[in-house]
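Worksheet for the structure shown next.
For clarity, every value in this text was computed on a predicted model and none was experimentally measured.
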Amino acid sequence: MPNYTKTEKDTAFFAKHGELIAAVISGILIAAGFLIPSLSTFFFIPAFLIGGFYKAKEGLTELVQNKKLSVEILMIMAAVGSVIIGFWAEGAILIFIFALSGALETYAMNKSQKELSSLVKLQPNVAVLVTDDGERIVPVADLRIGDIISVRPGERIPVDGMIEEGHSSVDEAAISGESVPIGKQRGDTVFAGTVNVNGALTVKVAKEQKDTLFQRIIELVEAAKNEKSPTQQFIEKFEGTYVRIVLIVFVLMLFLPHYIFGWDWRETLYRALVLLVVASPCALVASIMPATLSAIASSAKKGILVKGGNHLEMLAGLKAIAFDKTGTLTKGKHEVADVIVREDMDEGHFLQAAASIERLSTHPLASAIVRYSENKNISILPVENLDDFPGQGVSAFVNGKKWKLGKASFVTGDQDSFFAEKAAQLEKEGKSIIFAGYDNQFAGIITFKDVIRDEAKETVKKIKELGLHTIMITGDGVGAASAIAKEAELDFFLANTLPEEKLVEIKKLRDAYGPVAMTGDGINDAPALATADIGIAMGGGTDIALETADVVLMKNDLKRIPEAIARSQKMNRIIKQNIVLSIAVILVLIASNFLQIVNLPLSVIGHEGSTLIVILNGLRMLKN
């Protein structure tokens with residue numbers, strides 16, 4: 001922890017709480033002015049100066065540096081005008097309530113900012129590096145790929161890596177929002193910022209600190225804070241124009257009511273000053289940002305990284321979502337689907353020979369055969385004279401027999417009607433096939449399929465319940481695409497599409513349905529992600545997909561998509577509530593002012609009260 005001097009601590013304290021302290025001191029001075037009327041002016045003057053300092057500074061800085069009129073200028077004018085016409089007490093109360101409201105607004109805004117900045121605190125600064133000379137503590141920034149670190153029970157994992165030794169449960173809530181710890185063992189991947197719950201782990205560093213998944217979350221969330229939604233941008237542009245209109249009406253009110261309604265000059269000026277307060281758009285301006293920041297923060301905690309308020313707002317307006325197949329709807333990892341052997345062949349012996357050979361192979365499907373055999377407790381046999389024939393298959397001697405695995409033409413030149421018929425049928429189901437045999441005869445075939453994600457079907461169902469169309473766009477053939485689309489219960493699919501064709505299909509979907517999202521994970525998905533109204537990337541995807549997308553699912557969890565849409569819809573409802581409330585309060589207070597019902601202190605209470613209400617309403621988005 002940093003060591004601060006007393007002066008630095010005091011400076012930090014006043015920077016954080018100074019606005020509230022000034023408001024409280026102002027309130028005490030005003031109370032003293034009322035208790036000792038003969039010295040009221042003596043107390044009211046410092047109450048004005050102390051209570052109004054922060055807001056006056058904020059308003060004048062905006063005016064001088066950015067040439068922009070703000071609501072703070074309206075408050076300053078109202079307070080000064082109150083003093084000019086002799087309403088010292090009312091002006092002092094105005095300053096106090098405005099200052100207190102400002103302090104509470106700052107606190108409320110900091111609450112949502114704190115949820116975002118708390119992510120940074122979850123990343124460890126040091127790690128225990130394991131070397132030939134023993135263990136030593138080093139800065140996480142000094143770790144390099146391939147280093148070995150030790151993570152004790154209860155500690156946060158400092159970098160992304162792979163478990164070399166040990167097993168444990170790991171709490172990945174910081175990454176995915178999932179509250180239940182996940183069992184991890186040798187060979188499993190772990191992420192920076194997650195918690196090693198109950199076992200000692202030795203981890204091999206896979207990424208440097210700057211490239212970790214958690215660091216990426218922090219950087220993108222920080223960038224998201226500055227991305228404003230279309231509604232927020234409109235309100236901010238509208239604020240300057242609105243303030244000018246209020247000032248013009250204020251000037252007119254300085255004399256017109258005297259002649260039209262017969263008010264005396266003191267009442268006319270007083271009502272003009274009240275107008276400055278009640279017509280101020282503080283609540284309207286605060287209707288959006290607290291809700292947006294809170295929604296971004298709560299989404300990040302659930303593993304949904306939204307890169308800006310504009311994208312979060314747009315999620316609610318989606319009419320269709322397109323999915324890539326491999327690595328998005330499916331796990332991107334093939335598994336054995338069928339094992340079919342000839343009548344005189346024992347399936348166990350067949351798998352034993354196939355797994356023994358494929359254990360030494362680098363073919364993408366080889367590991368699937370090995371995993372399948374291990375699950376069936378089939379032992380591995382010695383293998384001799386392994387030969388790899390790229391594009392064809394592999395051959396090796398097992399128990400004195402020369403086995404071949406690969407294409408049918410590689411295994412044997414002879415046709416086998418039984419296996420040919422079976423293979424044709426299975427290929428229509430979208431399965432990949434490896435033939436195997438010896439002595440120039442087929443012994444059997446093994447089929448593979450890219451397994452659909454466990455949550456895919458449930459995700460598609462929930463998206464449909466939200467009223468959206470679901471489509472799969474894939475470069476795979478019709479057979480594989482049809483099988484996955486049917487299993488996931490998608491509305492329809494588009495197969496054999498090249499990367500540039502995916503882009504065209506997204507445009508067609510937009511023309512047919514309206515705003516459309518694209519979900520993918522690979523380089524080939526990047527053009528479609530960029531073209532879609534909302535690009536959604538799987539967190540484990542390629543860097544270009546992550547950079548191109550507007551929303552990132554940090555734990556590859558498709559269930560977060562309907563959650564993100566529902567969160568966007570809730571945020572938009574809250575924003576609409578805030579805007580309606582703030583406008584309604586302004587109109588009621590303006591009407592009450594013309595009817596001479598509301599006085600200056602009550603107008604301030606009504607105005608600032610509505611501002612606090614919309615801010616607190618926005619902070620409801622922090623709830624998960």
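- Between E489 and K457 there is a salt bridge, since at least one side-chain N of the basic residue sits less than 4.0 Å from a carboxylate O of the acidic one.
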Intermediate values then yes/no, side chain to side chain contact (heavy atoms under 4.5 Å, CB included), L143 and E208: CA-CA 6 Å; L143 293 176; E208 295 181 13; over 6 Å; no
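- Here the CD atom belonging to E374 is positioned 7.0 Å from the CD1 atom belonging to I380, to the nearest 0.5 angstrom.
- Ionic pairing of E458 and K461 is not present here: no N-O contact between side-chain nitrogen and carboxylate oxygen is shorter than 4.0 angstrom.
- The shortest heavy-atom contact between I296 and V306 is CG2-O, 4.2 Å.
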I484/D450 under side chain to side chain contact (heavy atoms under 4.5 Å, CB included): CA gap, chis, key distance, verdict: CA-CA 9 Å; I484 295 299; D450 190 2; 5.5 Å; no
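- Residues V336 and F448 have side chains in contact (heavy-atom distance under 4.5 Å, counting atoms from C-beta outward).
- Environment of CZ in R144: crowded, with over 12 heavy atoms of neighbouring residues, nucleotides or ligands closer than 6.0 Å.
- The two residues G437 and V411 make their nearest non-hydrogen contact at N-CG1, 3.6 Å.
- Put simply, the side chain of K319 reaches to within 4.5 Å of the side chain of P515, judged on heavy atoms.
- Taken from CG in D324 to CD1 in I473, the straight-line distance is 9.0 Å, to the nearest 0.5 Å.
- Side-chain contact between I446 and L365: absent, with no pair of heavy atoms (C-beta onward) separated by less than 4.5 Å.
- Between the side chain of S356 and the backbone N or O of L381 there is at least one donor-acceptor pair closer than 3.5 Å.
- Interatomic distance, I561 CD1 to E455 CD, rounded to the nearest 0.5 Å: 9.0 Å.
- Taking each heavy atom of K404 and F410 in turn, the nearest pair found is CD-O, 3.4 Å.
- When atom types are taken as modelled, the side chain of T497 and the backbone of T474 share a donor-acceptor pair closer than 3.5 angstrom.
- For the pair T202 (side chain) and E164 (backbone), a donor-acceptor distance under 3.5 Å is absent.
- Note: M162 CE to D188 CG = 8.5 Å, rounded to the nearest 0.5 Å.
- Side-chain contact between V394 and L360: absent, with no pair of heavy atoms (C-beta onward) separated by less than 4.5 Å.
- Side chains of V339 and Y372 form a contact here, defined as non-hydrogen atoms less than 4.5 Å apart.
- The environment of NZ in K570 is crowded: more than 12 heavy-atom neighbours from other residues, nucleotides or ligands sit within 6.0 Å.
- The backbone N or O of A295 sits less than 3.5 Å from a side-chain atom of S298, completing a donor-acceptor pair.
- Annotation for E384: atom CD does not count as buried by contact number, only 12 or fewer foreign heavy atoms lying within 6.0 Å.
- Taking a 6.0 Å sphere around NZ of K431, one finds it holds more than 12 heavy atoms contributed by other residues, nucleotides or ligands.
- In terms of heavy atoms, H334 sits closest to S432 at NE2-OG, 4.2 Å.
- Remark: the backbone N or O of T328 is paired with a side-chain donor or acceptor of R453 at under 3.5 angstrom.
- For the atom pair CD1 of I445 and CG of D338, the computed distance is 7.5 Å after rounding to the nearest 0.5 Å.
- Residue-environment remark: NZ (K464) exceeds the threshold of 12 foreign heavy atoms within 6.0 Å.
- Around CD of Q392, the count of heavy atoms belonging to other residues, nucleotides or ligands within 6.0 Å exceeds 12.
- Between the side chains of Q352 and S379, at least one donor N or O lies within less than 3.5 Å of an accepting N or O.
- Between the side chain of N310 and the main chain of E313, no donor-acceptor pair closer than 3.5 Å is present.
- Applying the 6.0 Å contact sphere to CZ of R371 captures more than 12 heavy atoms from other residues, nucleotides or ligands.
- Closest of all the heavy-atom pairs between K325 and A481 is CD-CA, 4.4 Å.
- Within the 3.5 Å criterion, the main-chain N or O of V140 finds no donor-acceptor partner in the side chain of N125.
- Contact annotation: the side chain of M314 never approaches that of D550 to less than 4.5 Å [non-hydrogen atoms, C-beta and beyond].
- Judged purely by atom type and a 3.5 angstrom limit, S373 uses its side chain to pair as donor or acceptor with the backbone of I369.
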Quick one: do F493 and V478 satisfy side chain to side chain contact (heavy atoms under 4.5 Å, CB included)? Show the steps, please. CA-CA 9 Å; F493 68 90; V478 174; 4.3 Å; yes
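- Residues N196 and E155 are not in side-chain contact: their nearest non-hydrogen atoms beyond the backbone lie 4.5 Å or more apart.
- Judged by distance alone, the side chain of N572 and the main-chain N or O of Q569 form no donor-acceptor pair under 3.5 Å.
- Under the 4.5 Å side-chain criterion, counting only non-hydrogen atoms from C-beta, I434 is in contact with E358.
- Here D557 pairs with R560 in a salt bridge; the nearest charged N to carboxylate O distance falls below 4.0 Å.
- Formation of a donor-acceptor pair under 3.5 Å by the R620 side chain with backbone atoms of M571 is not found in this model.
- N198 approaches S169 most closely through the heavy-atom pair OD1-N, 3.1 Å.
- In this structure, NZ in K331 is found 10.5 Å from CD1 in I452, a value given to the nearest 0.5 Å.
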Step-by-step side chain to side chain contact (heavy atoms under 4.5 Å, CB included) determination, D491 to V460: CA-CA 9 Å; D491 290 331; V460 171; over 6 Å; no
